[in-house]
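Accompanying notes for the structure given below.
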Amino acid sequence: MTDPALIQRYHVARSFYESLMKSQWLPQERIIAWQERQLQQMLAHAHAQVPFYAGPLGRIRKPDGGFDLSRWEELPIISREVVEADWDAFQARTLPPGHEGLISQSTSASESQGFRVRKTRFDHTGVACASFRYADWFGHDYATPLVMIRAGFIRPERADDPEDKLWGPPWLPPETRGSRHRLHISTPLDEQLDWLMGLGQVILNTLPSNAMALAQRSEERGLRPGIKSIMSVGEKLSRDMREEVRRIWGCEFSDVYATAETGLIAIECPQTGLYHLQPELSRTEIVDDDGHPCPPGKAGLLVATSLYNFAMPLIRYRFQDLVEEGPPCTCSRGLPVLSRIIGRKSNLFERPDGSLYQPDVSTARIRDITGARAWQLTQHGAGSFTLALACPGAFSTTEMPQLQSYLRTLLGDHAEINVIPVNDFPRSKGGKFYPLTRSKS
């Protein structure tokens, strides 16, 4: 490699990665102090260059040009709807040195048509370096090929860029790094499986529900692809998905929580299974419906601010995902912790008293009763549910009472449960599938 620009970019990436490998072991207060120094730079840029933030940031700006972070909660919490209503107001007029390269990415279309997010190449580099830290945590071998079956980041290989065909840190020698293979998640499941069968031993990067569907389909067909491990992203990874994939393929998941709008939020801890926030990349908050902070142990909505997206800063951007802050992790890392990623609020079930919950449905139990491998449970009212089953045959008179009895242990003794057969389940444009849904009607 002789391109000076690429050499410099990889040098910057390596330095960032090495700083992440050190910062994770610092006391949490030192990590947050470092975060706030970077946050000051981003806020100064947003105040000067991004029309939407000129007013709000001006109100907490100090005479010396810095920003009073003790007044952070005076800044507005924004949502998808706010950004969609005036997309241009969130675009920086100019970019500082080192942040000139731009990358566009679309948000999920699961709730609406989504919108385009502009990011800087340096922001992308930061996420990549945190991903390398994640791979280090779980001992993923860069010599093993990586298979990406996703919607985002899937594009034709660049024949003129040898780095595009490899995965892992670009500063490592090419001969020590495995190949990267891409397939769009909209590809029919059997074609995905046939493709995997021809690749040998690989690490699979896909949505958890897609990994589970692939494992179940491989069992049906009597095939065993060489899946060494699974790096999942894009959906809530449930205990049920872990157990089903482990049963069929005998391999484990490692998981990240990421968003198109503000990047990588949290990474699963290899020691405890909790999720470590990535404070070197983003400032995160957990708030209630009125925007007030939630204490540890209380579930609330995720609010995030990317530290490095100088192209389209999203400050205090609220998601519809419920999460819960946890105590310091016993792994000794100073990175803050999410004890639970509960999932999209609109997909949680509602009790008669208005409280939300998420039943822990077991695919193994449903399969033992009905033979069905795939299901989707929808709540229509406080005590009314429909269970859709991709079932190979008709339901017997003995199966139905047994199935309803099992579900009532999760949904309540008086739950009304309608069971229907289906051929398949639709997925979102991005390949997402929600086994638990709540009807909006």
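Computed over heavy atoms, backbone and side chain alike; hydrogens, waters and symmetry mates excluded. One-based numbering along the sequence shown.
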Between [X] and [Y]: side-chain donor-acceptor atoms closer than 3.5 Å:
X	Y	value
Thr437	Asn347	no
Ser229	Glu252	no
Ser209	Arg427	yes
His380	Thr378	no
Trp249	Ser218	yes
Thr120	Asn309	no

Quick check, are the ring centers of [X] and [Y] under 6.0 angstrom apart?
X	Y	answer
Tyr308	Phe16	yes
Phe132	Tyr134	no
His276	Trp137	yes
His99	Phe122	yes

Distance-only, no hydrogens or angles: does the [X] side chain make a donor-acceptor pair with backbone N or O of [Y] under 3.5 Å?
X	Y	result
Gln40	Glu36	no
Ser282	Thr305	no
Tyr53	Ile315	yes
Ser355	Arg351	no
Tyr406	Ser362	yes
Arg283	Val303	no
Gln358	Ile342	yes
Lys236	Ile341	yes

Would [X] and [Y] pass as an ion pair if we require N to O under 4.0 Å?
X	Y	value
Glu243	Arg239	yes
Glu280	Arg133	yes
Lys298	Glu324	no
Glu244	Arg367	yes

For this session: With the side chain counted from C-beta on, respond yes when Leu281 and Ile265 share a heavy-atom pair under 4.5 Å apart, and no when they do not.
Result: no
Exercise. Heavy-atom distance under 4.5 Å between the side chains of Trp34 and Glu29, does that happen here?
Worked result: no
Should the pair [X] and [Y] be assigned to parallel (<30°), tilted (30 to 60°) or perpendicular (>60°) ring geometry?
X	Y	value
His140	Phe138	parallel
Phe349	Phe385	tilted
Trp171	Tyr17	tilted

For this session: Please report the C-alpha distance between Phe52 and Phe90 in whole Å, then the side-chain angles of each, then the deciding distance to 0.1 Å, and finally whether the ring pair (Phe, Tyr, Trp, His ring centres under 6.0 Å) criterion is met.
Result: CA-CA 6 Å; Phe52 181 87; Phe90 289 88; 4.4 Å; yes
Under 3.5 Å donor-acceptor pairs involving side-chain atoms of residues 64-78, not counting sequence neighbours:
residue, atom, partner, partner atom, Å
Asp64, OD1, Gly66, N, 2.9
Asp68, OD1, Ser70, N, 3.1
Asp68, OD1, Ser70, OG, 2.4
Asp68, OD2, Ser70, OG, 3.3
Arg71, NE, Glu74, OE1, 3.2
Arg71, NE, Glu74, OE2, 2.9
Arg71, NH1, Arg59, O, 3.0
Arg71, NH2, Arg59, O, 3.0
Arg71, NH2, Glu74, OE1, 2.9
Trp72, NE1, Glu285, OE2, 2.9

For this session: Please assess Arg182 against Asp164 for the test salt bridge (Lys or Arg N to Asp or Glu O under 4.0 Å), listing each intermediate value before the final yes or no.
Result: CA-CA 11 Å; Arg182 299 180 177 93; Asp164 195 54; 3.1 Å; yes
Exercise. Is Lys22 atom NZ crowded by more than 12 heavy atoms from other residues, nucleotides or ligands, each under 6.0 Å away?
Worked result: no
For this session: Provide the closest heavy-atom pair for Ile185 versus Gly431 in the form atom of the first, atom of the second, distance.
Result: CG2-CA, 3.8 Å
Problem set entry | Closest approach of Met241 to Pro208 (non-hydrogen atoms, all atoms of both residues) | SD-CB, 3.5 Å
Quick one: [atom1] on [X] to [atom2] on [Y], what's the gap to the nearest 0.5 Å?
X	Y	atom1	atom2	answer
Ser232	Leu237	OG	CG	4.5 Å
Arg344	Leu436	CZ	CG	13.5 Å
Leu348	Gln320	CG	CD	11.0 Å

Exercise. Within 45 degrees of the axis of the six-membered ring of Tyr142 and under 6.0 Å from its centre: does Arg177 put its NZ or CZ there?
Worked result: no
Exercise. Given Leu301, which of Asp289, Asp288, Ile286 fulfils the side chain to side chain contact (heavy atoms under 4.5 Å, CB included) condition?
Worked result: Asp289
Can I get a per-line list of side-chain donor-acceptor pairs under 3.5 Å for residues 330-337, giving both atom names and the distance, sequence neighbours left out?
residue, atom, partner, partner atom, Å
Arg333, NE, Gln24, OE1, 3.0
Arg333, NH1, Gln271, OE1, 2.9

